[in-house]
Amino acid sequence: MNILIKQLKENGFQILVLSSEKNSVVKKRAEKLGLRVKHGVESKIKFLKKFLSSNNYNKKNVIYIGNDINDKEVMESIGLSVCPSDSNQTILSISDIILQSKGGDGVIREFYDYILGEMR
């Protein structure tokens, strides 16, 4: 398991990879990292509402990292929205935190450093 993911989990984070992608690459990568994953999701907001309710999670305690327009509804409804620097302009405009990293280029590392730094 990736050390960053492991340390986030050790600090109490529950991690879910939520993707609209239908190919199995996302699923395989998430499973390799030991993460829960739901891929091929048509409506992320509907899925997330059901997921939060069935797990008794408060949406105000959710941190969501997204980069494209299909993430917008979720990002507007949760506690903290985060995006990479090369995200869709609409996503950039609604995000609470805009990372310096581009998608696929250190986003998790930067987020990890930011969030755990805030917790210290």
Side-chain angles (χ1 to χ4, degrees):
M1 179 187 315
N2 181 302
I3 189 72
L4 301 177
I5 300 298
K6 181 180 178 188
Q7 289 180 347
L8 285 169
K9 286 181 172 184
E10 287 173 356
N11 279 279
F13 286 83
Q14 302 292 319
I15 303 170
L16 170 69
V17 175
L18 183 57
S19 176
S20 60
E21 294 288 324
K22 293 184 179 176
N23 68 47
S24 62
V25 173
V26 172
K27 182 180 180 191
K28 287 179 182 175
R29 176 69 176 144
E31 288 173 346
K32 182 178 179 183
L33 293 171
L35 301 175
R36 289 185 286 183
V37 61
K38 182 66 177 175
H39 75 342
V41 175
E42 288 188 32
S43 173
K44 290 182 178 185
I45 191 71
K46 285 181 185 177
F47 177 86
L48 190 65
K49 284 180 181 180
K50 185 176 179 181
F51 177 83
L52 295 176
S53 176
S54 65
N55 288 284
N56 202 27
Y57 293 143
N58 184 329
K59 68 181 181 178
K60 294 184 189 296
N61 295 329
V62 172
I63 300 169
Y64 187 91
I65 301 175
N67 70 338
D68 210 344
I69 202 72
N70 66 346
D71 298 308
K72 182 178 184 283
E73 282 185 289
V74 172
M75 293 176 81
E76 291 175 326
S77 72
I78 49 85
L80 184 69
S81 59
V82 181
C83 74
S85 63
D86 61 344
S87 297
N88 172 282
Q89 187 59 44
T90 299
I91 299 305
L92 289 166
S93 72
I94 65 165
S95 293
D96 298 311
I97 299 169
I98 300 171
L99 301 172
Q100 293 178 5
S101 303
K102 292 182 179 180
D105 192 26
V107 168
I108 298 301
R109 163 53 77 185
E110 185 179 346
F111 172 73
Y112 169 86
D113 290 344
Y114 177 86
I115 203 71
L116 289 184
E118 290 291 314
M119 292 173 61
R120 292 184 183 130

inquiry  = Between Lys6 and Lys9, does the side-chain contact (heavy atoms from CB on, under 4.5 Å) criterion hold? Intermediate values first, please.
reply    = CA-CA 5 Å; Lys6 181 180 178 188; Lys9 286 181 172 184; 5.8 Å; no
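- Surrounding CD of Gln100 are at most 12 heavy atoms belonging to other residues, nucleotides or ligands under 6.0 Å away.
- Annotation: the span from Ile91 atom CD1 to Cys83 atom SG amounts to 7.5 Å, rounded to 0.5 Å.
- Cluster membership for Leu4 and Ile115, using ILVMFWY side-chain heavy atoms within less than 4.5 angstrom, is shared.
- Looking at Tyr112 and Asn2, their side chains never come closer than 4.5 Å, going by heavy atoms from C-beta outward.
- Considering every non-hydrogen atom in both Lys59 and Ser77, the closest pair reads CD-O, 3.2 Å.
- For the pair Val82/Leu99, a side-chain contact is recorded, criterion being any heavy-atom separation below 4.5 Å from C-beta on.
- Inter-residue side-chain proximity for Ser81 and Ser95 is flagged as met; some heavy-atom pair is nearer than 4.5 Å.
- For the residue pair Glu110 and Ser101, the shortest heavy atom distance occurs at OE1-OG, 2.5 Å.
- With a 6.0 Å radius and a threshold of 12 heavy atoms from other residues, nucleotides or ligands, Glu42 has its CD atom at or below the threshold.
- Separating the CD1 atom in Ile3 from the CZ atom in Arg109 is a distance of 9.5 Å, to the nearest 0.5 Å.
- You'll find the side chain of Ile97 stays beyond 4.5 Å of the side chain of Ile63, heavy atoms only.
- Scanning both residues, Leu80 and Asp96, for their nearest heavy atoms gives CA-OD2, 3.4 Å.
- Both Phe51 and Val74 sit in one connected hydrophobic cluster of ILVMFWY residues. Membership requires side-chain heavy atoms under 4.5 Å apart, directly or through other members.
- In terms of heavy atoms, Pro84 sits closest to Gly103 at CB-N, 3.5 Å.
- Atom CD1 in Ile45 sits 9.0 Å away from atom CD in Glu76 (nearest 0.5 Å).
- Distance check, rounded to the nearest 0.5 Å: CD of Gln89 to CD1 of Ile69 gives 10.5 Å.
- Leu35 contributes atom CG, which lies 5.5 Å from atom CD1 of Ile15 (distance to the nearest 0.5 angstrom).
- Looking only at side-chain heavy atoms (C-beta outward), Ile5 and Ile108 come within less than 4.5 Å of each other.
- In the hydrophobic cluster analysis, where Ile, Leu, Val, Met, Phe, Trp and Tyr join through side-chain heavy atoms closer than 4.5 angstrom, Ile94 is grouped together with Leu18.
- In plain terms, the two heavy atoms of Lys102 and Val107 that are nearest each other are O-CG2, 3.3 Å.
- Leu16 and Met75 end up in the same hydrophobic cluster when Ile, Leu, Val, Met, Phe, Trp and Tyr side chains are linked at under 4.5 Å.
- Note on Leu52: it does not cluster hydrophobically with Val37, by side-chain heavy-atom contacts below 4.5 Å among ILVMFWY residues.
- Side-chain N or O atoms of Asn55 include none that pairs as donor or acceptor with a backbone N or O of Tyr57 at under 3.5 Å.
- Between Phe13 and Phe111, the ring-plane angle classifies as perpendicular under the 30° and 60° cut-offs.
- Once rounded to the nearest 0.5 Å, the distance linking NZ of Lys44 with NZ of Lys72 reads 14.0 Å.
- Contact between Gly66 and Ser87 at its shortest, heavy atoms only, is O-OG, 3.8 Å.
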